[in-house]
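Note that this is a predicted model, so its numbers are computed, not measured.
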Amino acid sequence: MGKVSAGLLPFRITSQNVIEVFIVHPGGPFWSKKDDGAWSVAKGELEIGENPEVVAEREFAEEVGVEAPNGNRVDLGEIRQPSGKTVRVWAVESAIFEISEVASNRFEMEWPPKSGHMESFPEVDRAEWYQVSQARLKLLKGQVGFLDRLVEMLASGDKSVREGDDSSGQGLLF
């Protein structure tokens, strides 16, 4: 079996009925000048035998620097990435979740390449709320399908997605 990652996709619906999602930008020198097509769901790789939901929670906390928001987790399923890795994501409605800055875990790598010098970089250098239409441009291509699944669930009025919601999903802006 290939590599598998698990993550959380917080979302909120604004007072104007606009769906926004919370995504992260990878840190390090390879990503520093990339924006569109570089962002990701906060996620991380599973070790053999690990529970994907537990990994999703842990990785969110490690990459963002705060515990994952409370709320009902809705499984958006798995999507195989162009790299061959499989990513599984849960959505969570997080109307009041805000952070002022990311406090990500760090990784070390040789930088500049072949210099013999090791440097430390944050795994995530920033995180933002984006309207779904903007997030489609920001996310890695292989993860855009999670937005489609979230929008489809919200538009259908699926009660499992939004706790205590009585609406049909009509009038939402994506």
Practice task
Please lay out, stage by stage, how Glu50 and Arg58 fare under the test salt bridge (Lys or Arg N to Asp or Glu O under 4.0 Å).
Solution key: CA-CA 11 Å; Glu50 280 191 296; Arg58 178 190 72 218; 2.5 Å; yes
Exercise for the section: Just do the side chain to side chain contact (heavy atoms under 4.5 Å, CB included) check on Val21 and Leu147 with the steps written out, would you? Expected result: CA-CA 9 Å; Val21 293; Leu147 298 177; 3.9 Å; yes
Practice task
Begin from the C-alpha positions of Leu8 and Val41 and carry the test side chain to side chain contact (heavy atoms under 4.5 Å, CB included) through to its verdict.
Solution key: CA-CA 7 Å; Leu8 288 178; Val41 171; 5.6 Å; no
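What you find for Leu76 and Ala91 is that their closest heavy atoms are CD1-CB, 3.8 Å. The heavy-atom pair separating Ser120 from Arg106 by the smallest distance is OG-NE, 2.8 Å. Here the closest heavy-atom approach between residue Pro26 and residue Ala38 is recorded as CD-O, 3.2 Å.
In this structure, Ile79 CD1 and Ser5 OG are separated by 13.0 Å, a value rounded to the nearest 0.5 Å. Put simply, CH2 on Trp39 and CH2 on Trp31 are 12.5 Å apart, with the number rounded to the nearest 0.5 Å. Put simply, CG on Leu150 and CG on Leu9 are 6.0 Å apart, with the number rounded to the nearest 0.5 Å. Atom-to-atom distance recorded for Asp75:CG and Glu53:CD is 7.0 Å, nearest 0.5 angstrom. With values rounded to the nearest 0.5 angstrom, Ile23 atom CD1 is found 9.0 Å from Leu140 atom CG. Rounded to the nearest 0.5 angstrom, Arg136 CZ and Lys141 NZ are separated by 14.0 Å.
Annotation for Glu152: atom CD does not count as buried by contact number, only 12 or fewer foreign heavy atoms lying within 6.0 Å. Summarising the local packing, CG of Asn70 is surrounded by 12 or fewer heavy atoms from other residues, nucleotides or ligands at distances under 6.0 Å. Applying the 6.0 Å contact sphere to CD of Glu67 captures no more than 12 heavy atoms from other residues, nucleotides or ligands. Atom CZ of Phe30 is surrounded by 12 or fewer heavy atoms from other residues, nucleotides or ligands within 6.0 Å.
Under the 4.5 Å side-chain heavy-atom criterion for ILVMFWY residues, a single connected hydrophobic cluster contains both Val74 and Val151. Follow the hydrophobic side-chain contacts under 4.5 Å out from Val24 and you reach Trp129 in the same cluster. Cluster membership check: Val102 shares its hydrophobic cluster with Val66, using side-chain heavy-atom separations under 4.5 Å among Ile, Leu, Val, Met, Phe, Trp and Tyr. Transitive grouping of hydrophobic side chains (ILVMFWY, heavy atoms separated by less than 4.5 Å) keeps Met153 and Trp90 in distinct clusters. A single hydrophobic cluster is not seen to contain both Val87 and Val124; linkage of ILVMFWY side chains at heavy-atom distances under 4.5 Å, directly or through other members, places them apart.
Contact check for Glu57 versus Arg73: side-chain heavy atoms found under the 4.5 Å cut-off.
Side-chain atoms of Ser94 and Arg12 form no donor-acceptor pair, as typed in the model, at a separation below 3.5 Å. In this model, no donor atom of one side chain and acceptor atom of the other lie less than 3.5 Å apart for Thr14 and Glu20.
No side-chain donor-acceptor contact under 3.5 Å links Arg88 to the backbone of Gly77. Glu93 places no side-chain N or O within donor-acceptor distance of the main-chain N or O of Phe11, the cut-off being under 3.5 Å. No donor-acceptor pair under 3.5 Å is formed between the side chain of Glu98 and the backbone N or O of Ile96. Between the His25 side chain and the Lys34 main chain, a donor and an acceptor come within less than 3.5 Å of each other. Of the possible donor and acceptor atoms, one in the side chain of Glu110 sits under 3.5 Å from a partner among the backbone N and O of Ser115.
The aromatic rings of Phe107 and Phe121 sit tilted relative to each other, their planes meeting at an angle between 30° and 60°.
Using a 4.0 Å cut-off between a side-chain N of Lys or Arg and a carboxylate O of Asp or Glu, Glu78 and Lys85 do not qualify as a salt bridge.
Under the 6.0 Å cut-off for aromatic ring centres, Phe60 and Phe97 qualify, their centroids lying closer than that.
When each of Gln143, Glu63, Lys138 is paired with Ser40, the side chain to side chain donor-acceptor pair (under 3.5 Å) condition holds for Gln143 and for no other.
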